[in-house]
Every structure is written in structure tokens, then in C-alpha cells.
Amino acid sequence: SIFDGKTLEGWTQRNGTATYEVKDETIVGTTKEGSPNSFLCSNKLYGDFELLFEVKVHNSLNSGVQIRSNCKKLTEKEKKRGDKFGRVNGPQVEIEASGGKGAESGYVYGEAAGGWMTPKDKLKPHKHFKDGEWNKYRVLAEGARIRTWINDQPISDLVDEEKLKTHPTGFIGLQVHGVGNRGPFDVAWRNIKIRVIKKKK
């Protein structure tokens, strides 16, 4: 487990001003008006791993979980503005309510890192994500291959050698997407577990 169910120890918030708090052994992230994307990031970095978590998101909020992500170096302008970390960037596993037509949950997006990593022809909307309920995610990252499942249904099987070169390791990040002046909306995570995979010699 990388979340003790009681505190946010081992995690650091970066970028936006959304709030993160622990309620009933879950991490609840809530949007804040005018905030850019916010991320609650693990202090530990991971390369090859199996990640398990459960998530429930408001139907009007888009979210995601960063993997192998990091922060760009700060410009002088950003430093003067008080930014301590720089822009979170790297692969993100999409979290999105299915709605009436299905959605792109479970596909892989390059947050501040080039946009969709999942090829356009494979970005097919689906309804494996159950709206208003807890959903089980599994993410298996081994070298350049990233595979995802939602509620035991395989969603994405992606190989991206170029992204592995730029993002071989990094933190896990829980995203609360910016929503402008709408909201507030929330997203909750629980049972966040990771198994490190040792590379074969």
C-alpha cells in the first residue's frame, strides 16, 4: 500500500490549488475555482510496476493517475511567481465517466508531454467505467509496454519506446483537473497499492 488510509504522509501536492483530504480511508480531491490541474504525487519514484487502485469520480469531472511522471525545471518567471515544483508531466491513465456514449477511461495520455500516447485508431469510447460507482484499475508498466484494465476488462496495451526514454521512472500522481469557474466536483481514490517489478538481468 502507498496510502495508509489515514494521512497524506508520503505524498506532496504540486501545481494547482485543488484540495486533497482523507475521508473514510479514501483520498478525496475537490476542484477549486480558477485552479489549473492539481496533482497529489508520491514522494517515491517508480519505474516498472503493477499499480492497483479504486476510483470514483463526479460525472462532470475528468481526472487521471500519473505514472513515471516528473516536474519540468522552473523558469525564472515561475520561481518569482512562487512555483516550487514546475509543471507535472508524463504518462497519465485516463479517468472519465462513461456517460451515454462511452468515454476514454483507461487509455494513456501524455500530460504536458505530447498529448495522447494511445494511437488515435485505438481511442475507442467504451462503457467499462461504471458511473457513480467505485471502479477497479490495474496498470502494468514494464519497460516500454504499459497495459491497463478497468474492472478486470483489458483496455489498453501500449508500447512507446520514445516515452520510455524521456520518462523511465517517476512519481504516481492523483489528478484533479482544472474546471474553470464550474464545480466544485470531486474524485476519490482508495486501496492504492503498488508492486515493484525488478528488471531481469
Distance (rounded to the nearest 0.5 Å) between [X] [atom1] and [Y] [atom2]:
X	Y	atom1	atom2	value
S69	F39	OG	CZ	8.0 Å
T12	N43	OG1	CG	3.5 Å
T169	I67	OG1	CD1	12.0 Å
E94	Y109	CD	OH	8.5 Å
N62	E96	CG	CD	5.5 Å
S60	H177	OG	NE2	13.5 Å

Given side chains that start at C-beta, do those of [X] and [Y] come closer than 4.5 Å, heavy atoms only?
X	Y	result
K163	M117	yes
L61	D186	no
N151	W134	no
K101	P125	no
D152	K136	yes

On a heavy-atom basis, which atom in [X] and which in [Y] lie closest, and how many Å separate them?
X	Y	result
F49	I197	C-CD1, 3.7 Å
G64	W189	O-CZ2, 4.1 Å
D131	G99	OD2-N, 2.9 Å
T17	S38	N-OG, 3.3 Å
A103	A97	CB-O, 3.2 Å
I95	S105	C-OG, 3.7 Å

Are [X] and [Y] linked, directly or through other ILVMFWY residues, by side chains that come within less than 4.5 angstrom of each other?
X	Y	answer
I192	V57	yes
V55	I27	yes
V65	I155	yes
L140	L51	no
I194	L45	no

Suppose we screen for ring pair (Phe, Tyr, Trp, His ring centres under 6.0 Å). Which residues come up paired with [X], at least two apart in sequence or across chains?
X	value
H128	H126
H58	F185
Y137	F53

- State which residues pass side-chain contact (heavy atoms from CB on, under 4.5 Å) with E133; sequence neighbours excluded, sorted by chain then number.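 E133 satisfies side-chain contact (heavy atoms from CB on, under 4.5 Å) with K130 only.
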- Message: If the condition is side-chain contact (heavy atoms from CB on, under 4.5 Å), which residues does K127 pass it with, not counting sequence neighbours?
- Response: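 For K127, the residues satisfying side-chain contact (heavy atoms from CB on, under 4.5 Å) (neighbours in sequence not counted) are S98.
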- K122 and Y107: side chain to side chain contact (heavy atoms under 4.5 Å, CB included), yes or no, with the steps? CA-CA 9 Å; K122 294 185 177 179; Y107 296 126; 5.5 Å; no
If the threshold is 4.0 Å, N to carboxylate O, is there a salt bridge linking [X] and [Y]?
X	Y	result
E50	R138	yes
K124	E104	no
D48	R68	yes
R182	E33	no
R145	E142	no

Tell me whether [X] contacts the main-chain N or O of [Y] through its side chain, where contact means a donor paired with an acceptor under 3.5 Å.
X	Y	result
N15	N37	no
W11	L174	no
E21	L8	no
N89	N70	yes
Q66	P91	yes
S35	K32	no
T118	V108	yes
T26	V28	no
S42	I172	yes

- Worked verdict on V176 versus T30 for side chain to side chain contact (heavy atoms under 4.5 Å, CB included): CA-CA 7 Å; V176 174; T30 305; over 6 Å; no
- Message: Before you tell me yes or no, could you show the steps for R87 and C71 under side chain to side chain contact (heavy atoms under 4.5 Å, CB included), namely the whole-Å CA-CA distance, both residues' side-chain angles and the distance that decides it to 0.1 Å?
- Response: CA-CA 5 Å; R87 179 71 165 91; C71 287; over 6 Å; no
- Item | side chain to side chain donor-acceptor pair (under 3.5 Å) partners of E54, counting only residues at least two apart |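 Side chain to side chain donor-acceptor pair (under 3.5 Å) list for E54, sorted by chain: R190, N191.
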